[in-house]
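So you know, we letter chains A, B, ... as the sequences are listed, proteins then strands, and number each from 1.
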Amino acid sequence: MKNYFINVWNAFYTALVGLKVTFLHLFIKSVTVKYPLERDKVPANSRMKLEVDWADCIGCKACERACPVQCIHIDTSKALPEDNLAATKNGTARKLLVSNFTIDLSECLYCALCVYPCPEDCINMTPNYEFGKYDRKLLIEQFAPFSDDDRAKRQAFEEELKKKKLAEKAVKTKEKE
Amino acid sequence: MSEAQRIITPRGHQDGIILAKLDEVLSLARSHSQWYLQFGLACCAIEMMATAASRYDLDRFGAMPRATPRQADLIFVSGTVTLKMAEKIKVLWEQMPAPKYAIAMGSCAISGGPYSRHGYSVLKGVDLIIPVDVYVPGCPPRPEALLEGLVLLAEKVKKEKLLSQKFSKKRGGAEK
Amino acid sequence: MNPKKLYELLKKRFGEAVISVDVENSIPPKYVIQPDKVHEISEFLKNTGDLEYDQLMCLTGQDLGNELSVVLNLFSTKHYSSITLEAKVAREHPELDSVSDLYATANWHEREAYDMLGVVFKGHPNMKRILLPDDWEGYPLRKDYKPADAWHGMPISKELSHKHN
Amino acid sequence: MQGIISLFESGLGLPELWAFVIGVVVFSLLIFLFIALFVIVAVWLERKVSAVIQDRWGPMRAGLTIQGELQTIADTVKLLMKEDIIPKPVDKLLFILAPFIVFTATFMVFAGIPLGPNAYSGTFDLGLFYLIAISSLGVIGIVMAGWASNNKWSLYGAMRSVAQIVSYEIPIALILIAVVMYSGSFSVKEIIATQDTGYGIFGWFLFRNPFMFVAAILFLIAGTAENNRTPFDLPESESELIAGFHTEYTGMRFAFFFLAEYANMFVVGVLLAILFLGGYAPIWHVAALADIPVLGWFFGSSGFWIILKAMLVVIIQMWFRWTFPRLRVDQLMYTAWKVLIPFTMAIIVLNGIWMKLFNLI
């Protein structure tokens, strides 16, 4: 009997304690970050969206090989006569033209394994996290500033070069024989 | 929101100014009241919970968690969608009443993510089984990124014209 | 107990069932045993006075190429020592005695080994898949496993999934 | 209501029957409008209270200011526009009927609630009895919803709801006896008149004796359990039963359950106000105000006081909801049968002794 009353009193008393706790929270300032109006500061070295400085890319494909999920695709071709390739910011001469540089951000792990092997420091993780899209195809980011026609032209030029080389080789081997 | 404008081209409607205005008001109201069904599957679910908690507060956008799909407007698919679970997502999606929306959160839900090449038991993108409205990339995305996805969805809902569509269909399918 | 001593003890008791012991290349020492004696040896190791390997830390299936194997990591909480048992089974009919009646941990781990490699544990109370769906075909962790094109109408490979892209 | 009917009869010259019909319809519409308005405010308030307790902001984007005051209206519009799903295996008639029965039961309670000395729909000699009887009618709708949904979770929710409401009706009825011992009448008007002694809050039954104070607390607990709110929300506990008895309801049908739940909160508030807080009797009488046309009406017979008191109880219920975790089923039954009922019985006895001692009988 005594236990029963102690039990009831404990239930009542602890309920009051709980009510006091929540009541005191009426006077605590809200901790919410009102997102579209204000946002948290993200550390500068946080790993979010991948960015490529295409003008510095020499097409070595080190990042493509390093990627554990194979979400980076690079196509290179010989430069056309009208492209004059400037040197990178490290002073390396660009011998190949990167005609196609895509990163499928929907597959990217944000592991930054592609960042370290890059000899020209042109692929980087940025603290930008706002890139939601309405279509998945838009998440495949193209960093090479060419139109599809341009790219087709370069591919055609590349294939022509290859054919020429093959033909030359064939001629050479015939001559040797 | 240039992205939004590019994707959702405004539908042509000749239903008069009243219906159009009413539509705008109704869509505005709907865009502010997206009750969500949470479908947390993996690590992204933790970020989703963090988004609903005090620091980021999904409630600010009028989003209330609902336990039953019958009362939800929106499903957050967050995490690795295995084939075994994909069937359940489909069932839940079909139980939701129209108009309904889906947000795919995280790389795995969007395209299989790290499992996209060699994952034998993972569905390569939840959009293979349900229509996804907004893709929120990240591995996992920050809570703010999910909130951005919700804002993008609200922008999309605002541009919808359900009434005009309904009436034009009744009149003989002017929509086509 | 000294691994060499234990090996001799086991050899004396089980004879041909204990094949070899590897001390140099394996920490803890690995005893390769016959698959049909797994249950008896585990029982002996668990219940013998100065051994008392009372905890099963892990039970794993392996694909060694031309045969499968099951590895048991045993631990004695009293004597603070651990050993590894390995039983090699044939690829065609991989069958083994279940140790789930000795160690409750083995229940799920044996189901996982069955799920991933198709090793059947005789005497297990509920021998069915634990992770994959019940009607899944094939055992994914076998090295010759080729995933099917689709499961219940849902494509599996990325190429088939995104043909439209 | 008599006033409205006579207004139609004499003012517009309508025949008696028509005046009655139109008067009833107008009055019901007024009540419906009041419920809808109250629910819109209460839902918004609930979300804000929860937000403040959890150090959040709550709804802030729907509306003109940063407080999101149009949130409930947006929700209502959305619920109206949702697809109406009636699953194939349900019992269609019961499924459609259930939300309306739940709402009608709550709606009928409002007929017995007086807003002021002259503002009530009908006079009941057994007004209190009517309020209690009708307010527990809603459980029939809940059982119908749970049974008709053809869903095991719904059925579990409905069964829990019945057990809960049947159990918690008893302490409520016993507390009524304690109150009626003082007032000597079941009439709501009489009860309020007994409390309106001219001494302000000291006339309230709440402060008549220490046992009545305990009785008020017990009534608040039992009332919270009556309308299925946390910590007694077992019929719709979302972590166990998905959404309990309204799992299968969509759009507008669900909105009716929602409406009924919040209206029920108001009913509990009003009941507590009538029984213990002096009903529509003002906290203090200012004689000078009575003659001023608008203010006199506002503080005299507009229902300001009773709504204020009921709102206070509603806010306390919200405070409960965002403080306490849910009880287990056995704890729920323990609370009703082993704590509330013995305590209320003891209160009746002690009340009688107190009244005998102070010669109040």
Side-chain angles (χ1 to χ4, degrees), chain B residues 3 6-7 39-45 69 75 77-96 102-139, chain C residues 58-65 68-70 91-92 94 107-121 124 126-165:
Chain B
E3 201 61 69
R6 212 170 68 79
I7 297 302
F39 206 92
L41 287 160
C43 22
C44 282
I75 181 170
V77 182
S78 48
T80 317
V81 184
T82 56
L83 290 166
K84 205 175 174 181
M85 218 59 191
E87 292 191 319
K88 271 76 183 172
I89 293 179
K90 201 158 189 228
V91 168
L92 284 175
W93 171 257
E94 278 160 3
Q95 284 177 347
M96 281 162 70
I103 289 183
M105 180 185 178
S107 293
C108 297
I110 296 172
S111 71
Y115 310 101
S116 64
R117 312 275 159 184
H118 307 297
Y120 55 85
S121 63
V122 176
L123 189 70
K124 310 298 183 294
V126 74
D127 51 357
L128 290 168
I129 48 167
I130 63 172
V132 174
D133 291 275
V134 176
Y135 297 84
V136 180
C139 192
Chain C
C58 192
L59 189 150
T60 331
Q62 290 181 333
D63 189 350
L64 301 175
L68 303 174
S69 87
V70 172
R91 237 187 141 74
E92 282 71 39
N107 192 322
W108 279 23
H109 286 173
E110 282 173 2
R111 277 177 72 183
E112 192 187 358
Y114 169 71
D115 197 354
M116 292 295 153
L117 290 152
V119 183
V120 178
F121 291 87
H124 189 281
N126 189 19
M127 195 82 255
K128 61 180 191 184
R129 288 188 186 273
I130 187 169
L131 295 169
L132 289 165
D134 282 344
D135 55 350
W136 190 268
E137 274 171 28
Y139 302 102
L141 285 195
R142 286 199 183 185
K143 286 187 175 159
D144 54 355
Y145 175 71
K146 291 267 182 303
D149 284 347
W151 181 77
H152 286 198
M154 285 176 284
I156 291 176
S157 77
K158 184 166 175 70
E159 286 68 34
L160 284 172
S161 300
H162 301 310
K163 269 187 286 193
H164 53 280
N165 277 15

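When all heavy atoms are compared, the tightest approach of C:Trp136 to B:Tyr120 is CH2-O, 3.4 Å.
Inter-residue side-chain proximity for B:Leu128 and C:Met154 is flagged as unmet; no heavy-atom pair is nearer than 4.5 Å. Using a 4.5 Å heavy-atom cutoff, the side chains of B:Ser121 and C:Leu132 are in contact.
Here the NE2 atom belonging to C:His152 is positioned 12.5 Å from the NZ atom belonging to B:Lys90, to the nearest 0.5 angstrom. Taken to the nearest 0.5 Å, the CG atom of C:Asp134 stands 6.5 Å off from the NZ atom of B:Lys84.
With a 4.5 angstrom heavy-atom cutoff, B:Leu123 touches chain C only via side-chain atoms.
Chain B forms the most heavy-atom pairs under 4.5 Å with one residue out of C:Ala148, C:Pro140, C:Pro155, C:Pro147, and that residue is C:Pro140.
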